[in-house]
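Following: one structure in structure tokens, then a few remarks.
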Amino acid sequence: MNIAANIADELESGEADTGGHALFADAPRSVSFNKLRKRLLRQVRQAFDDFDMLKGQKRWLVGLSGGKDSYGLLALLLDLKWRGLLPVELIACNLDQGQPNFPKHVLPDYLTKIGVQHRIEYRDTYSIVKEKVPEGATYCSLCSRLRRGNLYRVAREEGCDALVLGHHREDILETFFMNFFHGGRLASMPAKLLNDEGNLMVLRPLAYAAEDDLAKFAAAMQFPIIPCDLCGSQDGLQRNAMKDMLADIERRMPGRKDTMLRALSHVNPSHLLDPKLFDFSTLGVTDPS
């Protein structure tokens, strides 16, 4: 199935302007929102095609944090399913990490209202992070590892082929520059990853989507956003520094984020310095005689 071609035909015919899954019942009918919705759908289907995300897939666990990005991901996947263009069963999963004052009713109420199969998993990783991470240090790394491990487990228990996450263009670029400046390596978040055990795919269909677009989409859709009171409450994170740097570059040179993202898919190993990627020993001057 060529998702790109099918969605392109449908969008151009104007069928995306009205209707859709039940969660779109109160969505704006403005021209600007329809353009935004179409753009995000095209970007998701492009990621499907470029990274062959639908190969052999039957059931996905969609990680839902309560933030704008994961809400947007779920909405777009449901939109594609409604159009008959995503032949995969979806189950949404929120990991309740035991954060104080976390509004436990918001996500199950919302998911029940829109008729989405879901699982709410309680694991008090908050206490573990607070205990293990020294005061003043950043929580993100340990919190993320614990969350990911639990989501892997739930995905296997639910018989899913893949864990689907809401990381977007800026997440990928920020991770690249964090590795570049602080890790001394060229690496980022892959759009498609096989876990270490080799029994579960990790997919990021929003790889081409801009964070600003997702923020506008979330506001228009009036998703019940739940703020993070753990990582989101800390200042001075390395990721925030990368975000500010990229925002400054984009302000001074509009379009650079898209250019940088394209660069990550146009790699020339012979023009880098890693002999494990390119066998420089085979290079030699041909004898003119």
Side-chain angles (χ1 to χ4, degrees), residues 21 23-24 36-37 39-48 50-51 53-54 57 59-81 86 88 90-97 106-107 110-111 114 116-121 140 143-152 154-155 158 160-176 188-193 195 200-228 230-232 239 242-243 246 257 261:
H21 188 273
L23 67 84
F24 286 92
L36 173 63
R37 182 177 170 185
R39 179 163 63 250
L40 288 169
L41 285 171
R42 286 193 186 99
Q43 290 166 340
V44 170
R45 55 82 173 166
Q46 192 64 57
F48 283 171
D50 287 352
F51 302 102
M53 289 186 179
L54 299 182
Q57 299 291 298
R59 183 172 167 88
W60 286 356
L61 188 79
V62 183
L64 192 64
S65 66
K68 68 182 190 311
D69 307 324
S70 60
Y71 273 124
L73 170 65
L74 179 63
L76 293 165
L77 294 179
L78 291 171
D79 202 353
L80 292 174
K81 272 192 68 66
L86 180 57
V88 174
L90 302 176
I91 174 170
C93 178
N94 171 253
L95 179 65
D96 181 345
Q97 298 178 265
V106 171
L107 282 168
Y110 175 75
L111 293 168
I114 64 174
V116 172
Q117 183 182 1
H118 61 276
R119 172 171 168 176
I120 306 298
E121 182 74 5
C140 289
C143 180
S144 177
R145 290 200 302 273
L146 292 173
R147 182 171 63 250
R148 189 70 53 81
N150 277 289
L151 288 174
Y152 282 175
V154 172
E158 293 291 338
C160 294
D161 310 295
L163 169 62
V164 187
L165 302 173
H167 295 118
H168 47 65
R169 179 187 70 177
E170 276 72 12
D171 288 323
I172 290 172
L173 291 176
E174 289 159 17
T175 301
F176 173 81
S188 186
M189 288 179 174
K192 182 179 182 181
L193 172 72
N195 71 338
L200 190 70
M201 285 290 181
V202 178
L203 305 176
R204 297 183 172 95
L206 297 181
Y208 296 144
E211 183 176 17
D212 186 57
D213 277 351
L214 290 167
K216 293 175 183 176
F217 185 68
M221 293 290 292
Q222 300 183 55
F223 295 136
I225 304 296
I226 301 173
C228 174
L230 187 61
C231 303
R239 184 170 292 276
M242 299 301 103
K243 184 182 292 291
L246 288 166
K257 286 183 179 180
L261 195 70

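No side-chain heavy atom of Val116 sits under 4.5 Å from any side-chain heavy atom of Tyr110. Looking only at side-chain heavy atoms (C-beta outward), Arg239 and Thr175 come within less than 4.5 Å of each other. Taking the side chain as every heavy atom from C-beta outward, Leu163 and Leu203 never approach each other to under 4.5 Å. Proximity of Leu86 to Phe48: side-chain heavy atoms (C-beta onward) are separated by under 4.5 Å at one or more points. Annotation: side chain of Leu76 is not in contact with side chain of Gln43 (no heavy-atom distance under 4.5 Å). The closest side-chain heavy-atom distance from Met201 to Gln57 is below 4.5 Å. Counting heavy atoms from C-beta on, the side chains of Leu246 and Lys257 come closer than 4.5 Å. Within the 4.5 Å cutoff, no side-chain heavy atoms of Tyr71 are placed close to those of Phe217.
Heavy atoms only, all atoms of each residue included: His21 and Ile114 are closest at CE1-O, 3.2 Å. In this structure, Gly166 and Asp69 approach most closely via the heavy-atom pair O-CB, 3.4 Å. Contact record, Cys93 with Leu151: SG-CD2, 4.0 Å, taken as the closest heavy-atom pair. Contact record, Leu61 with Cys160: N-SG, 3.6 Å, taken as the closest heavy-atom pair.
By the side-chain contact (heavy atoms from CB on, under 4.5 Å) test, Ala191 is found to be paired with Phe51, Met53, Ala207, residues two or more places apart in sequence or in another chain being considered. Considering only residues two or more places apart in sequence or on other chains, Ser65 meets the side-chain contact (heavy atoms from CB on, under 4.5 Å) condition with Ser70. Among residues two or more places apart in sequence or in another chain, the salt bridge (charged side-chain N to carboxylate O under 4.0 Å, His left out) test is passed with Lys243 by Glu174, Glu211.
The closest donor-acceptor contact from the side chain of Asp50 to the backbone of Ala47 lies at 3.5 Å or more, if one exists at all. Of the possible polar contacts, one joining the Arg59 side chain to the Glu158 backbone as a donor-acceptor pair under 3.5 Å is found.
Interatomic distance, CG of Leu107 versus CG of Asp96, reported as 9.0 Å (0.5 Å rounding). If you take CG on Leu111 and CG on Asn94, they are separated by 8.5 Å, rounding to the nearest 0.5 Å. Note that the CZ atom of Arg204 and the CD1 atom of Ile172 stand 7.0 Å from one another [nearest 0.5 Å]. Atom CD of Glu121 is separated from atom CG of Asn150 by 6.5 Å, given to the nearest 0.5 angstrom. To the nearest 0.5 Å, atom CG of residue Leu214 and atom CG of residue Leu206 are 5.5 Å apart. In this structure, the separation between NE2 on His168 and CE on Met189 is 9.0 Å, given to the nearest 0.5 Å.
The residues Arg37 and Asp79 are annotated as salt-bridged, a charged nitrogen and a carboxylate oxygen being separated by less than 4.0 angstrom.
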(message) As a quick check of understanding, evaluate side chain to side chain contact (heavy atoms under 4.5 Å, CB included) for Leu54 and Trp60, giving each step before the final call.
(response) CA-CA 10 Å; Leu54 299 182; Trp60 286 356; 3.6 Å; yes
